[in-house]
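Residue numbers begin at 1 in each chain, while the letters A, B, ... track the order of the sequences.
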Amino acid sequence: TQLLEQSPQFLSIQEGENLTVYCNSSSVFSSLQWYRQEPGEGPVLLVTVVTGGEVKKLKRLTFQFGDARKDSSLHITAAQPGDTGLYLCAGAERSSNTGKLIFGQGTTLQVKP
Amino acid sequence: NAGVMQNPRHLVRRRGQEARLRCSPMKGHSHVYWYRQLPEEGLKFMVYLQKENIIDESGMPKERFSAEFPKEGPSILRIQQVVRGDSAAYFCASSPHPGHISGNTIYFGEGSWLTVV
């Protein structure tokens with residue numbers, strides 16, 4: 001069974017600080033997604049990375065897919081209170097042809113003003 | 001362009017009753033996925049359906065749970081004889097193509113929160 005482990009599980013920082021969230025596995029994934037979820041709402045897709053070594057930027061968010069497609073990172077520059085939320089990584093099993101996603105446990109981020 | 005629509009958003013059922021959760025995918029999407037998020041746990045895949053077909057139900061509990069996606073109308077996740085352990089958030093997602101073709105990118109609805117009392 002493929003697993004995705006996220007670290008840290010909880011992160012509380014001051015506005016303006018930088019942070020990195022990690023998503024690791026011993027398995028290879030064909031693609032990896034990052035979602036953000038607010039309390040009481042569904043996950044909102046931030047990005048999909050497909051190619052090993054790929055880097056994508058979304059304003060102050062930088063996403064990287066590991067060369068071996070086993071891990072990914074999310075870096076936030078100059079965090080703002082609006083970045084507060086649960087960040088989830090999800091990977092598609094390499095052997096799957098159904099698009100079934102395996103989710104990490106999530107990283108809860110709190111950005112204090 | 002409406003997103004994935006789920007209803008009801010909140011549902012309270014007594015033990016032994018039935019719960020029906022509905023999901024209308026995004027316009028143009030014919031592939032639907034159901035996920036469950038238990039308290040303090042991550043999202044877990046339940047089932048993947050196309051119109052009138054169940055493609056992958058490897059995450060569905062063997063008993064009491066069923067899903068359908070008829071030719072007309074929304075997808076339905078049905079839970080019979082609910083127990084307290086069924087209390088969770090149930091999320092529906094959709095994609096325009098089979099997941100592995102669309103880069104496994106799927107779009108989630110806002111969820112249905114089931115509470116069993």
Side-chain angles (χ1 to χ4, degrees), chain A residues 1-7 9-10 21 23-25 27-52 54 56 58 63 65 69 72 85-108, chain B residues 3-10 21 23 25-26 29-50 53-60 88-115:
Chain A
T1 303
Q2 292 179 294
L3 294 173
L4 278 170
E5 292 190 6
Q6 285 187 240
S7 62
Q9 282 190 299
F10 302 97
V21 176
C23 179
N24 295 300
S25 176
S27 304
V28 176
F29 289 91
S30 60
S31 67
L32 209 140
Q33 288 75 38
W34 284 92
Y35 292 85
R36 183 174 144 203
Q37 186 178 18
E38 306 265 359
E41 297 182 9
V44 175
L45 179 69
L46 296 175
V47 77
T48 298
V49 286
V50 179
T51 307
E54 183 176 6
K56 281 192 174 179
L58 185 65
F63 305 85
F65 200 11
R69 294 193 290 178
S72 181
L86 176 66
Y87 289 83
L88 298 162
C89 66
E93 294 181 325
R94 195 165 189 195
S95 60
S96 170
N97 63 354
T98 66
K100 179 169 82 174
L101 296 178
I102 295 169
F103 278 82
Q105 293 290 84
T107 295
T108 299
Chain B
V4 178
M5 304 299 290
Q6 290 188 246
N7 68 82
R9 290 294 315 278
H10 299 275
L21 309 177
C23 168
M26 285 178 72
H29 289 194
S30 58
H31 302 265
V32 165
Y33 313 80
W34 285 93
Y35 284 76
R36 177 165 66 172
Q37 189 171 40
L38 291 165
E40 308 304 323
E41 292 189 20
L43 281 153
K44 297 279 194 265
F45 169 83
M46 297 181 76
V47 62
Y48 162 44
L49 311 103
Q50 294 177 23
N53 290 303
I54 296 174
I55 307 302
D56 182 347
E57 56 181 348
S58 57
M60 287 281 269
Y90 291 83
F91 291 97
C92 174
S94 72
S95 65
H97 309 292
H100 65 291
I101 292 178
S102 58
N104 299 296
T105 296
I106 62 176
Y107 300 88
F108 283 86
E110 303 242 318
S112 291
W113 267 256
L114 172 65
T115 302

Winner by heavy-atom pair count (cut-off under 4.5 Å) against chain A, out of B/K44, B/H10, B/R9, B/E110 = B/E110
Taking the side chain as C-beta and beyond, is there a heavy-atom pair between B/F91 and A/Q37 under 4.5 Å?
-> yes
Find out whether B/F45 and A/F103 are in side-chain contact, i.e. whether some heavy atom of one side chain is under 4.5 Å from a heavy atom of the other.
-> no
Are more than 12 heavy atoms from other residues, nucleotides or ligands located less than 6.0 Å from atom CD of A/Q9?
-> no
Pick one of side chain, backbone, both or neither for B/Q6, based on which atoms fall under 4.5 Å of a heavy atom in chain A.
-> neither
Donor-acceptor pair, B/Y35 side chain versus A/L101 backbone, under 3.5 Å?
-> yes
Answer yes or no: does atom CD of A/E5 have more than 12 heavy-atom neighbours from other residues, nucleotides or ligands under 6.0 Å?
-> no
Report yes if some heavy atom in the side chain of B/Y107 is under 4.5 Å from a heavy atom in the side chain of A/V44; otherwise report no.
-> no
When rounded to the nearest 0.5 Å, the distance separating CD1 of A/I102 from CG of B/L43 is 12.5 Å
